[in-house]
*Asks:* 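Let me give you the structure first, and then I'll get to my questions.
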Amino acid sequence: MSKPSIPKGTRDFGPTAMARRQWLFDTLRGVFEKHGFVPIQTPSFENLSTLTGKYGEEGDQLIFKILNNGDYLAKADEGLLASKNSKALTASISKKALRYDLTVPFARFVVMQRNELTFPFKRYQIQNVWRGDRPGKGRYQEFTQCDCDIIGTESTLAELELVQIFHEGLSALGVPGFRIAINDRRILQALSEVSGVPASSFTDWTVAVDKLDKVGLEGVAREFESRGIPGSAMAMIENLLDIRKASDAHAALGQMAELLGAGENATQALQELEDLVCRAKRAGVPERNLHVDPLLARGLDYYTGAIFEVVVEGAPVGSICGGGRYADLTGIFGWKGVSGVGVSFGADRIEDVLNHVDGWPALSNVGLDVMVAQMESGDVKAELAAAQACRQAGLSSELYPDSAKFKKQFKYANDRGVRWVMVLGEDERASGVVSLKDMAEGHQDQLPLAEAIAKIQASSAGFID
RNA sequence: GUGGCUAUAGCUCAGUUGGUUAGAGCAUCGGUUUGUGGUGCCGAGGGUCGUGGGUUCAAAUCCCAUUAGCCACCCCA
């Protein structure tokens, strides 16, 4: 007899966790809808070719591939099979894969549905994604992303709206001490150019920069060396570290402008960031929650403009949200020149943070307002009618399914955390009342059914968290 | 992928330098008389000590292998 288990990096969610998660999703949904986003869903798995080549080489390897049905080996390429070249063989034995994020499937969706949609199109999407990563703290193989994207406009008001949504969403969830870091790929591009990094090494450069917080300056230097980036580029990194210490976003942007000189793209990006920060501040996003971080890089290949990341100080997980502008993600699906920007809330990591700081509101997972006890006679006519009357009055109710001893029935109600128990015995029926016990207080009264219902309605549903 | 730690009841863990029938708490179930839960008291069930080999008169304990999990590194959102 082997104990059952679930794959590493996956989790079961019990009633308590689900009460919290549903509240989390409801809260974010409310924020998205308040900003005019509409929901969509896409399939859990896509054609493998839709996903590959969008997330960088590392990302591609983390995509969960689905083996073809049928006798896939018989149909596989003989030569590749014999050479045991897994990577090359994949294409001939797998045509589908679990989605890796919600953004690429969204781009695919937009291209396919373009004639049905009105642009700019604002959608939100709360669904699972899968990554074949090595699981660890705050790292799952299956997790839920809550995305909202605006596609079909280059207006920087879209970035502003998403920053507001970060602030409104995380505030509504009660996430403490979150910090929205913003940067721009165009600025990064210019920085790498100014520091003498060949254009072909830009991606390598961003990967190394992204690691700074983990590996330190020496680590980045080693990265540069192993990736063939001139050591002279280190000077810039140190400058950027200084900028991080700037008193505010305005000062940071000013220093960055000095480093960059007159590159046109970068100048525009700097101006846009400046505007974004100002407008966000005016829109009520506190300065302490918003930081311009010249070292924020982000790994995904498709970002071209503003990029975002949200971290929580002292939290046991990495970033809880991410996002950015992608100028032409639909281009790879055959529709060029459609710019979009989006952000993603990592529900599972936010859940981890709230667990860590014990920051959940009081949520009931009881799901039952009143339980009707069953008499030994097993004649349930009056009980069924009472339970139904409760439901018609908008209460959730159930009749205990067996004519068990009261001790057992009351224990069941207690263990479930049900506050109210109704008893309709001989005596009650004779006098046209019900007995209603308040499990929280321990009192019990006899009163007409209608009054009992009113009393329950006046109380809150459960008494155990 | 590298290093370290761990594996004993449903859960969390004790278990001495190897030595009789492997324990506790929690959980579960039953009892504590009439139609009533939570706290108390009494009782019960439940383990081939991760798996396979070895050393020994004797292994939960020592050795080897193997599997799984945890932590750190690496990598990444």
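Chain naming here is simple, since letters A, B, ... match the order of the sequence lines and numbering starts at 1 in each.
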*Asks:* Classify the side chain of Lys407(A) and the base of U32(B) as holding, or not holding, a donor-acceptor pair under 3.5 Å.
*Replies:* yes
*Asks:* Does a side-chain N-to-carboxylate-O contact under 4.0 Å join Lys408(A) and Asp402(A)?
*Replies:*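 No, this pair does not count.
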*Asks:* Distance to the ring centre below 6.0 angstrom and angle to the axis at most 45 degrees; does that hold for Arg11(A) and Tyr140(A)?
*Replies:* yes
*Asks:* Report the distance from atom CG of Asp133(A) to atom P of A77(B), rounded to the nearest whole Å.
*Replies:*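 Interatomic distance, CG of Asp133(A) to P of A77(B): 9 Å.
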*Asks:* Just to be sure I understand the rule, does Tyr140(A) reach a base, reach only the sugar-phosphate, or reach nothing, if contact means heavy atoms closer than 4.0 Å?
*Replies:*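 Base, at least one base heavy atom under 4.0 Å.
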*Asks:* With rounding to the nearest 0.5 Å, note down the distance linking NZ in Lys8(A) to CD in Gln141(A).
*Replies:* 8.5 Å
*Asks:* Measure the distance from CE on Met371(A) to P on G37(B) and round it to the nearest whole Å.
*Replies:* 12 Å
*Asks:* Ignoring backbone atoms, test whether Lys405(A) places a side-chain nitrogen or oxygen under 4.0 Å from the OP1 or OP2 oxygen of G31(B).
*Replies:*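 Answer is yes, contact under 4.0 Å.
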*Asks:* Could you tell me the Watson-Crick or G-U partner of G37(B), where both distances fall under 3.5 Å? Say none if there is no partner.
*Replies:* none
*Asks:* Can you tell me how far the CZ atom of Phe13(A) sits from the CZ atom of Arg20(A), to the nearest 0.5 Å?
*Replies:* 12.5 Å
*Asks:* Hey, is the side chain of Arg139(A) pairing donor to acceptor with the base of C75(B) inside 3.5 Å?
*Replies:*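 Such a pair exists between side chain and base.
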*Asks:* Syn if the chi torsion is within 90° of 0, anti otherwise; quick check, which is G31(B)?
*Replies:* anti
*Asks:* When the P atoms of A59(B) and G1(B) are compared, how many Å lie between them, rounded to an integer?
*Replies:*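 Those two atoms are separated by 36 Å.
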*Asks:* Is there a donor and acceptor pair closer than 3.5 Å between the side chain of Lys437(A) and the base of U36(B)?
*Replies:*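 Under the 3.5 Å cut-off, the side chain and the base do form a donor-acceptor pair.
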*Asks:* Is G43(B) paired to anything, Watson-Crick or G-U wobble with both distances less than 3.5 Å, and if yes, which nucleotide?
*Replies:*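 Partner of G43(B): C29(B).
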*Asks:* Nearest nucleotide by nearest heavy atom, which residue falls closer to the 5' end of RNA chain B, Ser319(A) or Met375(A)?
*Replies:* Met375(A)
*Asks:* Using both distances under 3.5 Å as the test, list the Watson-Crick or G-U wobble partner of C75(B), or none.
*Replies:* none
*Asks:* G35(B) base to Glu428(A) side chain: any donor-acceptor pair below 3.5 Å?
*Replies:*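 Counting by modelled atom types and ignoring angles, a donor-acceptor contact under 3.5 Å is found here.
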*Asks:* Does the structure show a Watson-Crick or G-U wobble partner for C5(B), both distances under 3.5 Å? Name it, or say none.
*Replies:* G69(B)
*Asks:* Are Phe410(A) and U36(B) stacked, counting the six-membered base ring, centres under 5.5 Å, planes under 30°?
*Replies:* yes
*Asks:* Do the side chain of Gln409(A) and the base of U36(B) come within less than 3.5 angstrom through a donor-acceptor pair of N or O atoms?
*Replies:*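 A donor-acceptor contact between them is absent.
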*Asks:* Let's test this: given Watson-Crick or G-U wobble pairing with both distances under 3.5 Å, identify the partner of A24(B).
*Replies:*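 Its partner is U12(B).
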*Asks:* In Å, rounded to the nearest 0.5 Å, how long is the span from CD of Gln446(A) to CG of Asp427(A)?
*Replies:* 7.0 Å
*Asks:* Counting Watson-Crick and G-U wobble pairs only, both distances under 3.5 Å, name the nucleotide matched with C57(B), or none.
*Replies:* G19(B)
*Asks:* Using a heavy-atom cut-off of 4.0 Å across all strands, would you classify Gly346(A) as base, sugar-phosphate, or nothing?
*Replies:*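 Nothing: the residue Gly346(A), judged by heavy atoms under 4.0 Å, touches no strand.
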